[in-house]
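Okay, so here's the structure we're looking at.
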Amino acid sequence: MRWIFLGPPGAGKGTQAARLAQRAGVPQIATGDMFRAAVREGTPLGLQAKRYMDAGQLVPDDVTLGLVRERLSQPDCRAGFLLDGFPRTVAQAEGLKDVLAGLGVGLDGVLYFDVPDAVVVERLSGRRVCPACGATYHVRFDPPRVEGRCDRCGAELVQRPDDREETVRQRLAVYRRQTEPLVNYYREAGLLHTVAADRPIDQVEAEIARITGVGR
Ligand code: AP5
Ligand code: ZN
């Protein structure tokens, strides 16, 4: 299976992509996670990406596309992949088309997470992440068993630097301007499926299982 998860920041793409990728046995390719890993490791890519991420701006298209091109050429992507948070501009979507044509594969579909801005702000302000293993929680909607501690590895949970309120507003504005045009782009390509993502995590998961045909 080859799917794209598209939608505003905080829509639940990462939460659902982790679940679906595991069920389908394909890699979850999340450009945000890849950039955060590069920042942690202090690589040149990380140093470059950090400036944009902290400001709530997109990392330049050529950098992002180069990263994805390399990742998709790896052997574990041959049987499929789930793109989470990529593409985010029309230029990235066009670049992806060329990469996939070069690999001789096509997309199964694009899943658009439809959710109002007020829900996004509520989800991002309560999000906590594990700096050690990358797991994501929410203080109210998906709390860890022990407050402030990762269920998987026990590390202390933190807030993502770009989840501060001013940066969230900036990310939403950037989404509207640069990423939302992709909804029509993929609708016109006949690939778009919409999921009403302002419902509880398990209900959204069941709906995605139905749309993608990858059962629970
Ligand atoms: P990225 O990491 O991709 O951030 P994002 O798209 O803003 O998405 P989020 O991770 O914020 O949200 P999500 O939809 O995955 O929601 P989640 O599942 O965590 O990108 C970060 C930055 O990297 C960008 O700003 C940019 O600088 C750069 N970047 C990345 N990709 C790029 C690209 N292609 N081009 C250029 N730059 C790029 O859920 C949110 C919270 O809600 C969690 O706490 C979760 O527990 C909770 N939750 C989830 N689902 C539900 C539900 N159904 N009900 C209640 N709570 C829920
Ligand atoms: Zn952890």
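In this chain, residues are counted from 1 in sequence order. Basis for what follows: all heavy atoms, side chains included, without hydrogens, waters or symmetry-related copies. In each ligand, atom 1 is the first atom listed, and ligand 1 is the first ligand listed.
- Here Phe113 has no heavy atoms under 4.0 Å from ligand 1, in either its backbone or its side chain.
- Using a 4.0 Å cut-off between charged nitrogen and carboxylate oxygen, Asp198 and Arg123 do not count as a salt-bridge pair.
- If you check which protein heavy atom lies closest to atom 9 (P) of ligand 1, you get Arg127 NH1, 3.3 Å.
- Counting heavy atoms under 4.0 Å from ligand 1, residue Pro87 does not touch it at all.
- At a heavy-atom cutoff of 4.0 Å, ligand 1 is contacted by the side chain of Thr136 but not by its backbone.
- Taking only non-hydrogen atoms, the option from Gln57, His138, Glu205, Gln170 nearest to atom 26 (C) of ligand 1 is Gln57.
- Between Asp117 and Arg176, at least one side-chain N (NZ, or NE/NH1/NH2) sits under 4.0 Å from a carboxylate O, which counts as a salt bridge.
- Counting only non-hydrogen atoms, the option in Arg123, Lys50, Met53 that gets closest to atom 22 (C) of ligand 1 is Met53.
- Annotation: atom 35 (N) of ligand 1 to nearest protein heavy atom, Gln92 NE2, 2.9 Å.
- Nearest heavy atoms, Gln28 versus Ala17: NE2-CB, 3.6 Å.
- A 4.5 Å side-chain heavy-atom check between Leu96 and Phe86 finds at least one atom pair inside the cut-off.
- Counting heavy atoms under 4.0 Å from ligand 1, residue Leu124 touches it through the side chain alone.
- Here the closest non-hydrogen pair linking Pro161 and Thr167 is O-OG1, 4.4 Å.
- For ligand 1, the atoms lying closer than 4.0 Å to a non-hydrogen atom of Arg36 are 2 (O), 21 (C).
- A salt bridge links Arg210 to Glu207: one of the charged nitrogens lies within less than 4.0 Å of a carboxylate oxygen.
- For the residue pair Tyr185 and Glu94, a side-chain donor N or O sits within less than 3.5 Å of a side-chain acceptor on the partner.
- Residue Tyr137 has at least one nitrogen or oxygen atom sitting less than 3.5 Å from a nitrogen or oxygen atom of ligand 1, judged on distance alone.
- In this structure, atom 17 (P) of ligand 1 lies nearest to the protein heavy atom Thr15 OG1, 3.6 Å.
- Residue Gly14 approaches ligand 1 through these ligand atoms, each under 4.0 Å from one of its heavy atoms: 13 (P), 15 (O), 18 (O).
- In this structure, the side chains of Tyr137 and Arg127 stay at 4.5 Å or more apart for every pair of heavy atoms.
- Atoms of ligand 1 found under 4.0 Å from any heavy atom of Phe86, numbered from 1 in the order shown, are 34 (N).
- Comparing heavy-atom distances from atom 34 (N) of ligand 1 across Gly85, Gly7, Gly12 singles out Gly85 as nearest.
- No path of Ile, Leu, Val, Met, Phe, Trp and Tyr side chains, each step under 4.5 Å between heavy atoms, connects Val105 with Leu82, placing them in separate hydrophobic clusters.
- Among all protein heavy atoms, the one lying closest to atom 31 (N) of ligand 1 is Thr31 OG1, 2.8 Å.
- Between Asp163 and ligand 1, no N or O atom pair is found at a separation short of 3.5 Å.
- Heavy atoms of Arg160 found under 4.0 angstrom from ligand 1 belong exclusively to the side chain.
- The shortest N or O to N or O distance between Gly10 and ligand 1 is under 3.5 Å.
- Here the NE2 atom belonging to His193 is positioned 12.0 Å from the CD1 atom belonging to Ile208, to the nearest 0.5 angstrom.
- Residue Phe141 approaches ligand 1 through these ligand atoms, each under 4.0 Å from one of its heavy atoms: 55 (C), 56 (N).
- The nearest pair of heavy atoms linking Val204 to Ala196 is CG2-O, 4.1 Å.
- Scanning the protein for heavy atoms near atom 50 (N) of ligand 1, the closest one is Ile201 CG1, 3.6 Å.
- One finds the CG atom of Leu111 at 8.5 Å from the CG atom of Leu20 (value rounded to the nearest 0.5 Å).
- With rounding to the nearest 0.5 angstrom, the CG atom of Asp202 is 8.5 Å from the CD atom of Gln16.
- When only non-hydrogen protein atoms are considered, atom 7 (O) of ligand 1 lies nearest to Arg171 NH2, 2.7 Å.
- Here's the thing with Ala11: one of its N/O atoms is less than 3.5 angstrom from an N/O atom of ligand 1.
- A salt bridge is absent between Asp54 and Arg160: the closest approach of a Lys/Arg side-chain nitrogen to an acidic carboxylate oxygen does not fall below 4.0 angstrom.
- Heavy atoms from both the backbone and the side chain of Leu58 come within less than 4.0 Å of ligand 1.
- Using a 4.5 Å heavy-atom cutoff, the side chains of Arg149 and Pro144 are not in contact.
- Classification of Arg23 and Glu205 as a salt-bridged pair holds, one side-chain N sitting under 4.0 Å from a carboxylate O.
- The option with the heavy atom closest to atom 6 (O) of ligand 1, from among Gln178, Arg19, Arg88, is Arg88.
- Closest to atom 8 (O) of ligand 1 among all protein heavy atoms lies Lys13 NZ, 3.4 Å.
- At the shortest separation from atom 53 (N) of ligand 1 among protein heavy atoms lies Arg199 O, 2.7 Å.
- Of all atoms in ligand 1, numbered sequentially from 1 with element shown, those under 4.0 Å from a heavy atom of Thr64 are 33 (C), 34 (N), 35 (N), 36 (C).
- The angle that Cys130 SG and Cys153 SG make at the Zn ion (ligand 2), rounded to 10°, works out to 100°.
- The shortest separation from a heavy atom of Gln16 to ligand 1 is not under 4.0 Å, leaving the residue out of contact.
- When each of Asp76, Asp84, Asp33 is paired with Arg71, the salt bridge (Lys or Arg N to Asp or Glu O under 4.0 Å) condition holds for Asp76 and for no other.
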Please test Thr89 against Asp61 for side chain to side chain donor-acceptor pair (under 3.5 Å), starting from the C-alpha separation and ending with a verdict.
-> CA-CA 8 Å; Thr89 62; Asp61 286 336; 3.0 Å; yes
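- Below 4.0 Å from some heavy atom of Pro200 lie the following atoms of ligand 1, by number and element: 53 (N).
- Those atoms of ligand 1 that come under 4.0 Å of a heavy atom in Gly32, given as number and element, are 1 (P), 2 (O), 3 (O), 20 (O), 30 (C), 31 (N).
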